[in-house]
Visitor: 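Sharing a structure here in structure tokens format.
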There are 2 protein chains.
Amino acid sequence: MGAPYGFELVENCVICKLRSDSFFCSLPKATLEAFDRIKYTASYPAGAVLFVEGQSPRGIYMLCKGRVKLSTTSAEGKTLILKIAQPGEVLGMHATVSGTPYEITAETGQPCQLNFVKREDFLNFLQKHGDACLKAAQHLSKDCQTAYQQIRSLGLSHSAPERLARLLLEWTAASPDQREPKVKLALTHEEIAQIIGTSRETVTRVLADFRKRQIAVLKGSTLTIRNKPILEKLVGA
Amino acid sequence: MGAPYGFELVENCVICKLRSDSFFCSLPKATLEAFDRIKYTASYPAGAVLFVEGQSPRGIYMLCKGRVKLSTTSAEGKTLILKIAQPGEVLGMHATVSGTPYEITAETGQPCQLNFVKREDFLNFLQKHGDACLKAAQHLSKDCQTAYQQIRSLGLSHSAPERLARLLLEWTAASPDQREPKVKLALTHEEIAQIIGTSRETVTRVLADFRKRQIAVLKGSTLTIRNKPILEKLVGA
DNA sequence: AACGTGTGGTGACCAACGTCACAGGGAGGG
DNA sequence: CCCTCCCTGTGACGTTGGTCACCACACGTT
């Protein structure tokens with residue numbers, strides 16, 4: 001197998017080094033071998049659409065490498081980004097497990113390696129391997145939680161600055177406790193707007209305001225938090 | 001065991017007649033017996049709080065009878081209703097499975113019968129019984145889906161009438177295809193507002209408008225849809 | 001160099017809706 | 001019976017932020 005998108009494909013799950021503890025496929029050896037037998041490894045370029053909301057579920061995509069944008073679109077063409085999936089996540093599990101159509105759209109944001117598993121195979125796999133099933137349940141729980149978090153953000157905050165502040169804090173939450181945390185992210189104002197459910201112009205304006213007030217500066221793809229306490233005050237915490 | 005809240009407690013899951021196919025506890029006999037051994041049956045009055053967001057998870061509550069309001073509250077006291085849980089649902093499963101604090105608050109809206117299962121017992125139960133674990137995963141999937149639906153409603157619709165229309169359609173979706181569907185619900189305008197993330201006054205005004213335009217009439221606790229096509233047009237479908 | 005395209009930055013305008021304030025009505029309790 | 005809540009209904013007002021229109025800049029292509 002070559003390297004079509006600039007990286008080597010890892011074909012064998014059992015010896016895969018991409019995996020870390022938080023990965024769905026962080027499983028005991030026997031279970032992992034069973035998973036390895038039913039999956040199809042593939043790589044995709046940036047901008048590839050894995051599935052579209054409304055399609056009936058073909059199966060799950062295990063994200064090994066890269067980022068995938070999960071979104072949903074209204075009839076008028078307005079789109080809302082639900083999350084940017086990180087390596088280790090399983091995409092399309094809700095639809096696959098419950099048998100209802102995919103309710104979201106998944107699109108790669110950069111070259112990705114993914115393992116696809118057919119719905120039938122995946123369900124059999126879960127049935128036979130209790131440990132994997134429990135892991136799947138944990139995975140789904142986490143998805144629910146981030147969904148609830150977004151509902152809170154959308155439903156409970158009145159102003160756009162508040163939602164943006166919440167998002168910035170979320171991003172820095174992962175990074176350790178520095179005085180001026182920096183975060184790398186490759187998102188346009190447009191995409192940020194789609195995450196917090198507002199318009200592109202508003203994001204630009206609020207970011208300009210944050211810059212002026214020395215709260216946070218977004219330069220290129222680097223975000224620097226200058227004054228975390230004020231951000232925290234903005235979200236009403 | 002008496003009847004403290006106007007109904008008999010069903011203590012034995014195996015012979016329970018409340019259960020229908022959609023219930024989480026619609027399980028094979030052997031599994032059901034195992035569930036029966038670890039659960040504690042209890043009944044609660046209206047307004048009882050089962051758990052509060054932020055608490056560490058004690059376990060799950062299987063809702064046998066009654067309605068439970070699931071909500072989340074902001075620091076300023078504004079609350080958002082995530083859903084009204086129906087009999088057959090399991091409450092607090094996300095937190096219990098993932099081990100993170102309850103992210104929502106559960107409060108009975110009427111006298112309820114519930115089965116409580118301790119976290120440890122429940123996890124053991126899932127581990128031992130693959131069929132139950134799969135069922136749990138399905139349950140979580142459905143929760144995710146309704147969460148995503150609410151995110152769509154909150155993030156993708158610009159106007160309050162649109163969100164309210166969407167909610168009304170959701171309620172009638174369950175009832176069969178009548179020309180003028182009627183739905184029973186015991187919700188105040190305030191609560192409706194908390195579901196669609198708007199203010200009480202706006203709900204009153206929009207409902208008044210719907211009444212005037214002969215689209216939908218809410219009288220007492222009975223909602224009658226007069227003109228479904230217009231509602232559907234309002235949501236932009 | 002000229003051109004297209006995607007992104008960021010800004011001003012002006014206006015509808016939607018949150019908020020405040022208050023009034024009427026129904027239910028339950030003393 | 002009156003009193004007190006809670007719910008519903010409605011008017012007035014002010015702010016937020018969505019929308020439109022336009023410009024500047026960067027980058028890649030022809």
Side-chain angles (χ1 to χ4, degrees), chain A residues 46-47 69 74-81 107 109-110 153-167 185-213 216-224 234-236, chain B residues 45-47 69 74 76-81 107 109-110 153-167 185-213 216-224 234-236:
Chain A
K69 189 166 83 178
S74 74
E76 303 99 52
K78 200 174 159 197
T79 96
L80 188 72
I81 296 177
E107 180 186 344
Q110 42 183 263
S153 160
L154 289 172
L156 288 179
S157 61
H158 350 251
S159 73
E162 186 178 334
R163 282 202 292 273
L164 185 51
R166 182 167 278 138
L167 185 65
L185 49 100
L187 290 174
T188 65
H189 290 188
E190 177 86 49
E191 288 172 310
I192 295 174
Q194 288 172 351
I195 295 177
I196 62 176
T198 185
S199 69
R200 200 265 313 164
E201 292 91 327
T202 300
V203 170
T204 301
R205 276 189 254 267
V206 173
L207 278 177
D209 180 57
F210 280 4
R211 177 170 21 246
K212 203 168 61 193
R213 290 163 64 192
V217 179
L218 179 58
K219 197 180 181 71
S221 66
T222 306
L223 171 76
T224 310
L234 275 176
V235 309
Chain B
K69 188 165 83 178
S74 73
E76 302 99 52
K78 199 173 158 197
T79 96
L80 187 73
I81 296 177
E107 181 185 343
Q110 42 183 264
S153 159
L154 289 172
L156 288 178
S157 61
H158 350 250
S159 72
E162 186 178 333
R163 283 201 290 275
L164 185 51
R166 182 166 278 137
L167 185 65
L185 49 97
L187 291 175
T188 66
H189 290 188
E190 176 88 48
E191 288 172 311
I192 296 174
Q194 288 171 351
I195 295 177
I196 62 176
T198 185
S199 69
R200 201 265 313 165
E201 293 91 328
T202 300
V203 170
T204 302
R205 276 188 256 267
V206 174
L207 278 177
D209 179 57
F210 280 3
R211 176 172 20 248
K212 204 167 58 193
R213 290 162 64 194
V217 179
L218 178 59
K219 197 179 178 72
S221 66
T222 305
L223 171 75
T224 310
L234 275 176
V235 309

Visitor: Kindly compute the distance separating NE2 (H158(A)) from NZ (K78(B)), expressed to the nearest 0.5 Å.
Guide: 5.5 Å

Visitor: At their closest point, which heavy atom of S157(B) faces which heavy atom of R166(B), and how far apart are they?
Guide: CB-NH1, 3.7 Å

Visitor: Distance check: side-chain N/O of T202(A) vs OP1/OP2 of dG18(D), anything under 4.0 Å?
Guide: yes

Visitor: Can you find a pair of side-chain heavy atoms, one from L164(B) and one from L234(B), that are under 4.5 Å apart?
Guide: no

Visitor: What residue among I192(B), L187(B), I195(B) forms side-chain contact (heavy atoms from CB on, under 4.5 Å) with I81(B)?
Guide: I195(B)

Visitor: Compare every heavy atom of A186(B) with every heavy atom of S221(B), then report the nearest pair and how far apart it is.
Guide: CB-CA, 4.4 Å

Visitor: Quick check on side chain to side chain donor-acceptor pair (under 3.5 Å): which of K212(A), R213(A), R211(A) does D209(A) satisfy it with?
Guide: R213(A)

Visitor: In residues 186-197 of chain B, which residues come under 4.0 Å of DNA chain C by heavy atom?
Guide: none

Visitor: Evaluate the side-chain proximity of K219(B) to T222(B): yes if any heavy-atom separation is below 4.5 Å, no if none is.
Guide: no

Visitor: Expressed as a whole number of angstroms, how long is the span from R200(A):CZ to dG17(D):P?
Guide: 16 Å

Visitor: If you compare all heavy atoms of A216(A) against all heavy atoms of L223(A), which two are closest, and at what distance to 0.1 Å?
Guide: CB-CD1, 4.5 Å

Visitor: I'd like the 5' and 3' limits of the part of DNA chain C contacted by chain A, with heavy-atom contacts below 4.0 Å.
Guide: dT7(C) to dA12(C)

Visitor: Please name all residues satisfying side-chain contact (heavy atoms from CB on, under 4.5 Å) with S159(B), sequence neighbours left out, ordered by chain then number.
Guide: P161(B), E162(B)

Visitor: Rounded to whole angstroms, how far apart are NZ on K219(B) and C1' on dC7(D)?
Guide: 15 Å

Visitor: Reckon T204(B) has a side-chain N or O less than 4.0 Å from the OP1 or OP2 of dC7(D)?
Guide: no

Visitor: What are the two closest non-hydrogen atoms of I196(B) and L154(B), and how far apart are they?
Guide: O-CD2, 3.6 Å

Visitor: For DNA chain D, which residues in residues 157-166 of chain B have a heavy atom at a distance below 4.0 Å?
Guide: none

Visitor: How many whole angstroms separate atom CZ of R205(A) from atom P of dG18(D)?
Guide: 9 Å

Visitor: Give me each pair satisfying side-chain hydrogen bond (donor to acceptor under 3.5 Å, both in side chains) with a member in residues 192-208 of chain B, each pair once, sequence neighbours excluded.
Guide: T79(B)-Q194(B), H189(B)-T204(B), S199(B)-T202(B), R200(B)-T204(B)

Visitor: Whole-Å distance between dC7(D) P and L207(B) CG?
Guide: 15 Å

Visitor: Quick check on the helix from dA1(C)-dT30(D) to dG30(C)-dC1(D): what's the angle between its two end axes, five base pairs per end, to the nearest 10°?
Guide: 30°

